[in-house]
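Worksheet: one structure, shown below.
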Amino acid sequence: MQKPSIPKGTRDFSPVEMAKRNYIFNTIREVFHLYGFQQIETPAMENLSTLMGKYGEEGDKLLFKILNSGDYFSDVSDAELTERNTTRLAARICEKGLRYDLTVPFARFVVQHRNEITFPFKRYQIQPVWRADRPQKGRYREFFQCDADVVGSDSLMNEVELVQIMDEVFRRFGIRVCIKINNRKILSGIAEVIGEADKIVDITVAIDKLDKIGLEGVNNELRSKEISEKAIRQLQPIILLEGSNEEKLQQLKQVLGGSAIGLKGIEEVGYVLERIKLTPIQAELELDLTLARGLNYYTGAIFEVKALDVQIGSITGGGRYDNLTGVFGMEGVSGVGFSFGADRIFDVLNQLELYPADSLLTTQLLFVNFGEKEEAWMLPVISKVRAAGIRTELFPEAAKMKKQMGYADAKHIPFVAIVGESEMEQGKINLKNMLTGEQTLVAVEELIERFQSDK
RNA sequence: GUGAUUGUAGCUCAGUUGGUUAGAGCAUUGGCUGGUGGUUCCAAGGGUCGUGGGUUCGAAUCCCAUCAUUCACCCCA
């Protein structure tokens with residue numbers, strides 16, 4: 001039994017799912033445009049030299065590599081083959097890989113097109129990315145990212161604007177969210193103050209898990225990373241910091257008094273929070289020090305968005321990274337951006353059933369087909385109806401009524417037009433409302449009017 | 001990469017301590033004169049029970065291997 005299948009961690013999207021996904025992407029796109037972001041696309045595959053080494057050792061393993069075409073073994077010596085070193089052999093026979101995220105290809109794009117780009121450059125990008133990960137709930141090997149970044153501007157106004165965009169998008173979706181904000185410089189300050197500056201990655205990774213494994217779990221993990229007991233003790237009040245954002249900042253100022261970088265971080269967060277007050281947002285905005293966002297390339301602001309009404313991981317994340325393009329030889333370009341987790345937003349909207357009814361509609365009107373004479377009569381009518389912007393179908397063959405009605409039903413087409421001999425004689429159309437079952441005899445002009453006044 | 005879990009029809013699942021021809025619901029297709037669907041009734045198609053081996057007179061059922069699935073960890077969206 002050879003059932004066809006697709007690779008694990010990939011998905012087919014049905015018409016209904018596509019309608020929902022398009023609603024998500026279109027909403028995000030509209031808001032991006034509203035803030036002056038421009039769309040770009042980059043190839044699915046990049047040179048491996050562009051990708052390798054950008055995501056850490058773990059990331060390199062998760063890259064999908066593409067076998068060279070042609071006789072790729074001809075250049076490989078027998079010694080290399082018998083050595084069976086996968087990594088090294090892969091480097092010899094693969095020179096391309098599938099994109100792992102949108103940020104690195106974007107950095108490459110900026111460097112490559114530096115002379116055509118006007119800075120600050122605000123771009124967005126909605127494309128699939130691929131990771132050779134082991135899939136599990138809500139995690140796929142092919143998934144979509146919706147990134148927006150601003151490069152070439154150090155101003156914190158960009159951070160403010162990004163928060164506004166996140167708020168606007170989730171407001172449009174009708175999802176209640178909490179936007180969490182943190183700053184890498186504060187984390188660095190903390191590590192410095194407790195005397196474990198070189199362990200900053202271990203510390204941030206550990207306290208990022210507070211939600212999941214609790215305080216004891218975090219402390220155990222810190223111990224396993226050989227953080228001193230004294231440092232862990234000093235860390236406790238910081239991890240458990242409470243109160244309003246202002247109160248937290250006040251307390252932090254005391255604790256981090258001796259750290260220049262820490263104070264800088266406090267100042268930055270304070271600025272963003274103050275600015276946001278001038279353009280009130282609907283979402284909650286919370287300073288959360290446990291926010292560390294796994295990857296440690298962020299250097300300033302760190303963002304994360306959580307849905308309030310659904311138990312799910314973060315649905316959006318981002319931050320500022322200085323020297324985005326440094327690895328490609330272009331120094332001094334800072335960027336700040338974030339990424340909507342389209343697949344998780346999809347899950348949230350499904351659970352809360354927040355799709356607007358009209359986002360799921362396709363065909364509005366189906367003409368039943370009784371035969372050649374009727375077809376001839378209906379074709380010009382259908383052209384008129386379509387010209388009026390009504391999404392219309394003619395059933396392609398004179399099948400049984402039951403079949404044609406069933407078709408309309410399965411596609412959730414709200415109106416069916418029935419035209420047989422008696423209708424043709426009167427020059428009218430029998431319009432049936434599939435929800436109420438109600439039928440009325442109308443002229444073409446009247447039919448069009450009904451649809452237009454409906455909107 | 002680590003640890004578990006589950007593989008029976010297109011989908012969701014039954015299947016007794018191992019016993020003849022493996023079932024149900026949903027879905028699909030057809031029928032109840034080709035002018036009415038979403039909700040009736042009747043019928044049909046569809047499975048070498050993931051694959052390979054073993055134990056047995058006999059395996060969907062027990063054992064081994066293998067592949068696949070799902071979940072958790074690592075990491076991440």
Side-chain angles (χ1 to χ4, degrees), chain A residues 1-10 12 14 55-63 86-87 99-103 126-147 201-202 204-206 208-209 212-213 217 221 224 292-297 303-307 312-319 338-348 366-371 374 395 397-424 429-439 441:
Chain A
M1 178 173 51
Q2 281 189 332
K3 272 185 253 175
S5 63
I6 54 177
K8 67 177 167 189
T10 64
D12 286 326
S14 67
Y55 308 104
E57 214 173 303
E58 199 72 25
D60 283 353
K61 275 192 246 164
L62 299 181
L63 284 172
T86 310
T87 317
R99 85 167 90 74
Y100 178 90
D101 71 357
L102 300 181
T103 307
I126 301 177
Q127 291 189 270
V129 303
W130 294 270
R131 296 185 188 179
D133 210 351
R134 191 170 293 195
Q136 50 179 280
K137 198 176 184 66
R139 282 173 69 173
Y140 306 95
R141 301 212 292 183
E142 177 186 68
F143 61 98
F144 279 73
Q145 291 192 331
C146 315
D147 277 28
V201 173
D202 290 334
T204 52
V205 168
D208 192 37
K209 293 179 189 165
K212 210 168 178 177
I213 60 180
E221 175 148 344
S224 76
R293 301 268 68 237
L295 283 188
N296 36 47
Y297 49 69
F303 304 113
E304 185 168 288
V305 179
K306 289 214 152 158
I312 197 165
S314 88
I315 51 179
T316 288
F338 67 96
S339 180
F340 286 112
D343 297 295
R344 286 190 179 172
I345 292 172
F346 178 79
D347 289 342
V348 172
L366 173 76
F367 278 78
V368 169
N369 190 333
F370 280 128
E374 286 84 354
F395 200 84
E397 54 203 73
K400 288 179 186 157
M401 268 298 251
K402 186 180 168 78
K403 169 139 185 160
Q404 303 196 41
M405 297 301 280
Y407 177 81
D409 207 42
K411 275 184 92 169
H412 298 114
I413 299 173
F415 290 94
V416 170
I418 303 169
V419 179
E421 266 182 48
S422 61
E423 285 86 358
M424 288 195 294
I429 295 155
N430 186 358
L431 182 66
K432 172 163 179 153
N433 180 326
M434 291 296 275
L435 267 184
T436 62
E438 179 191 353
Q439 303 192 67
L441 217 48

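Proteins come first, then strands; the chains are lettered A, B, ... in the order of their sequence lines, and each starts at number 1.
B/G25 and B/C42 have their P atoms separated by 11 Å, given to the nearest Å. Spacing between B/U48 and B/A22 at atom C1', rounded to whole Å, works out to 12 Å. Going from the C1' atom of B/U8 to that of B/G47 covers 8 Å, rounded to whole Å. Comparing B/A60 with B/G50, their C1' atoms are spaced 12 Å from each other, to the whole Å. Annotation: B/G46 and B/G7 have their P atoms spaced 26 Å apart (nearest Å). With both ends at atom C1', the span from B/U5 to B/G30 equals 41 Å, rounded to whole Å. Nucleotides B/U56 and B/U61 are separated by 16 Å at their P atoms, to the nearest Å. On the C1' atoms, B/U6 is 16 Å away from B/U51, given to the nearest whole Å.
In this structure, A/D343 places its CG atom 13 Å from C1' of B/C76, rounding to the nearest Å. Summarising the geometry, the separation between CD on A/E57 and C1' on B/G1 is reported as 12 Å, rounded to the nearest angstrom. The interatomic distance linking A/R344 (CZ) with B/C76 (P) rounds to 13 Å, in whole Å. Atom OH in A/Y100 sits roughly 7 Å away from atom P in B/C76 (whole-Å rounding). Taking atom CG on A/D133 and atom P on B/C76, their separation rounds to 10 Å, with Å as the unit. Per the geometry, CD belonging to A/E58 stands 13 Å off P belonging to B/A77, to the nearest Å.
Searching all strands for a Watson-Crick or G-U wobble partner of B/A43 with both distances below 3.5 Å returns B/U29. B/A24 is paired with B/U12 under the Watson-Crick or G-U wobble criterion, all donor-acceptor distances under 3.5 Å.
The shortest distance between side-chain heavy atoms of A/R141 and A/W130 does not fall below 4.5 Å. Looking only at side-chain heavy atoms (C-beta outward), A/Y140 and A/R131 stay at 4.5 Å or farther from each other. You'll find the side chain of A/V129 reaches within 4.5 Å of the side chain of A/F143, heavy atoms only.
Heavy atoms only, all atoms of each residue included: A/M401 and A/V368 are closest at SD-CG1, 3.6 Å. Nearest heavy-atom pair across A/G341 and A/T316 is N-OG1, 4.2 Å. For the residue pair A/Q404 and A/A398, the shortest heavy atom distance occurs at NE2-C, 3.9 Å.
At the heavy-atom level, A/Y140 lies under 4.0 Å from base atoms of the strands shown. Contacts of A/G59 with the nucleic acid, taken as non-hydrogen atoms under 4.0 Å apart, are absent. Residue contacts for A/K209: at a heavy-atom cut-off of 4.0 Å it reaches the sugar-phosphate backbone alone, with no base atom in range.
To the nearest 0.5 Å, atom CZ of residue A/R139 and atom CG of residue A/D343 are 12.5 Å apart.
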Which nucleotides of nucleotides 28-41 of chain B have their base under 4.0 Å from a protein heavy atom (B), which only their sugar-phosphate (S), and which neither (-), written as one string 5' to 3'?
---S--BBBBB---

Summarise protein proximity over nucleotides 65-70 of chain B in one line of letters, 5' to 3': B for base, S for sugar-phosphate only, - for none, counting protein heavy atoms closer than 4.0 Å.
----S-

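The only member of A/D60, A/T103, A/D101 that meets side chain to side chain donor-acceptor pair (under 3.5 Å) when paired with A/Y55 is A/D101.
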Taking distance alone, no hydrogens or angles, what donor-acceptor pairs closer than 3.5 Å link side-chain atoms of residues 411-418 of chain A to residues at least two apart or in another chain?
| from | atom 1 | to | atom 2 | distance (Å) |
| --- | --- | --- | --- | --- |
| A/K411 | NZ | A/E393 | OE2 | 2.8 |
| A/K411 | NZ | A/Y407 | OH | 3.2 |

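Checking A/Q439 against A/N430 by side-chain atom types alone, a donor-acceptor pair falls below 3.5 Å.
Judged by closest nucleotide on RNA chain B, A/K61 is the one of A/F143 and A/K61 placed further toward the 5' end.
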